[in-house]
Amino acid sequence: MTSLFETDRLVVRQLRPDDIDRLFAITGDAELMRYMGDGQPLSRELTAKWIEVSINNYATKGFGCSAVIDTRDGAFIGFCGLVQSEDAEPPEASELIYALLRSYWGQGLATELAAEMVAYGWRACGLKRIIATIYPKNLGSKRILEKIGMTYLKHELDEDGSPTDFYGINAS
């Protein structure tokens with residue numbers, strides 16, 4: 001297992017092709033995906049493509065989307081990562097993404113995960129800036145971002161026309 005980092009309760013490792021069913025349990029869930037991308041769940045085929053792109057991103061950029069594993073029982077409980085679109089400005093900025101299965105909400109895991117992923121971005125990837133894009137109604141994620149030191153930057157329409165709040169943090 002290629003572990004990127006561990007916290008007291010979580011292991012974050014690179015995605016593998018055999019993660020398809022576990023990842024699809026999240027990406028195919030309409031409630032979990034309502035605040036991600038275009039707000040629609042992904043097909044199994046698109047989830048497999050996501051894994052493929054993530055593996056390529058690790059090889060070419062040194063970072064990407066990762067699996068989140070519960071240290072207590074080894075369960076695949078979510079994903080997180082740093083992603084970068086081709087037209088990202090500035091190029092040293094990456095976007096923080098994360099999602100956990102609903103049964104793991106309300107335990108502080110997402111805050112723990114997001115904080116350590118940002119630290120990983122500074123420490124291992126040499127990033128200078130990390131952003132997050134949040135649907136305005138996603139109050140839980142806004143609280144997480146504020147807890148880890150991200151600040152509100154602006155509100156505008158995302159590339160798909162969705163209203164979006166932008167948060168960011170610079171390497172110190």
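Reckoned from all heavy atoms, side chains included, excluding hydrogens, waters and symmetry mates. Everything numeric in this text was worked out from a predicted model, so none of it was measured. Starting from 1, each residue takes its place in the sequence as its number.
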Side-chain donor/acceptor of Q107 to backbone N/O of S103, under 3.5 Å: yes
Might you confirm whether atom CD of E45 has over 12 heavy atoms from other residues, nucleotides or ligands at distances under 6.0 Å? no
Name the orientation class of the two ring planes belonging to Y167 and Y152 (parallel below 30°, tilted from 30 to 60°, perpendicular beyond 60°). perpendicular
Can you list the steps and then say if I131 with L96 is a side-chain contact (heavy atoms from CB on, under 4.5 Å)? CA-CA 6 Å; I131 62 163; L96 173 68; over 6 Å; no
Distance col, row L42:CG vs L23:CG, nearest 0.5 angstrom, shows 8.0 Å
Could you state whether M36 and V53 fall into the same hydrophobic cluster, counting links through intermediate Ile, Leu, Val, Met, Phe, Trp or Tyr residues with side-chain heavy atoms under 4.5 angstrom apart? no
side-chain contact (heavy atoms from CB on, under 4.5 Å) between L15 and C65: does it pass, once the steps are laid out? CA-CA 7 Å; L15 285 168; C65 186; 4.1 Å; yes
Evaluation steps, salt bridge (Lys or Arg N to Asp or Glu O under 4.0 Å), between K49 and E52: CA-CA 5 Å; K49 180 71 175 163; E52 210 177 283; 3.6 Å; yes
Check S94 against L82 and note the closest heavy-atom contact, atom names and distance. CB-CB, 4.2 Å
Hey, does R72 have a side-chain heavy atom less than 4.5 Å from the side chain of R9? no
Cluster question for you: counting only ILVMFWY and a side-chain heavy-atom cut-off of under 4.5 Å, with indirect links fine, are V83 and Y135 together? no
Straight-line distance of R16 CZ to I51 CD1, nearest 0.5 Å: 10.0 Å
Considering the options K137, K154, K142, which one meets the salt bridge (charged side-chain N to carboxylate O under 4.0 Å, His left out) requirement together with D165? K142
Take C80 and I97, measure what side-chain contact (heavy atoms from CB on, under 4.5 Å) needs, and give me the verdict at the end. CA-CA 5 Å; C80 72; I97 61 169; 5.8 Å; no
Once rounded to the nearest 0.5 Å, what's the spacing between atom CD1 of I130 and atom CE of M150? 6.0 Å
Relative to the ring of W50, is the ring of F79 parallel (under 30°), tilted (30 to 60°) or perpendicular (over 60°)? perpendicular
Any side-chain to backbone donor/acceptor pair from D29 onto L32? Under 3.5 Å, distance only. yes
Just how far is it from atom CZ of F166 to atom OG1 of T151, taken to the nearest 0.5 Å? 13.5 Å
Residues forming a ring pair (Phe, Tyr, Trp, His ring centres under 6.0 Å) with Y98, sequence neighbours excluded: none
Hey, mind stepping through D19 and R13 against salt bridge (Lys or Arg N to Asp or Glu O under 4.0 Å) and telling me if it holds? CA-CA 11 Å; D19 287 325; R13 65 161 173 79; 2.8 Å; yes
For the residue pair T71 / E6, report whether a side-chain donor-acceptor contact shorter than 3.5 Å exists. no
Single-linkage hydrophobic cluster, 4.5 Å side-chain cutoff, M33 and F24 together: no
Nearest heavy-atom neighbours spanning G149 and I169: O-CD1, 3.7 Å
So P136 and H155, do their side chains get closer than 4.5 Å, heavy atoms only? yes
Main-chain N/O of Q84 paired with K61 side-chain donor or acceptor, under 3.5 Å: yes
Does a donor on one side chain sit under 3.5 Å from an acceptor on the other, for T47 and T27? yes
Trace of the side-chain hydrogen bond (donor to acceptor under 3.5 Å, both in side chains) decision for T133 with E95: CA-CA 8 Å; T133 56; E95 183 174 1; 2.4 Å; yes
Could you state the interatomic distance from CG (L101) to CG (D70), rounded to the nearest 0.5 Å? 10.5 Å
Check: E112/T7 side-chain N/O donor and acceptor closer than 3.5 Å: yes
Flag, side chain of W105 to backbone of L100, donor-acceptor distance under 3.5 Å: yes
Ignoring hydrogens, what is the shortest heavy-atom contact between A75 and Y104? Give both atom names and the distance. CB-OH, 4.0 Å
With side-chain contact (heavy atoms from CB on, under 4.5 Å) as the test, would you mind laying out the steps for I77 and I26 before giving the verdict? CA-CA 9 Å; I77 66 166; I26 297 165; over 6 Å; no
What's the spacing between T164 OG1 and N138 CG if we round to 0.5 Å? 11.0 Å
In terms of hydrophobic clusters joined by side-chain contacts under 4.5 Å, are I148 and Y35 together? no
For a quick test of reading the model, state the closest non-hydrogen atom pair linking F63 to Y58 and the distance between them. CA-CE2, 3.5 Å
What pair of heavy atoms forms the shortest contact from C125 to G62, and how long is it? SG-O, 4.1 Å
Of all heavy-atom pairs linking S66 and M117, the shortest is OG-CE, 4.5 Å
Whether the side chain of K128 engages the backbone of N170 through a donor-acceptor N/O pair (distance < 3.5 Å, no angle test) should be reported. no
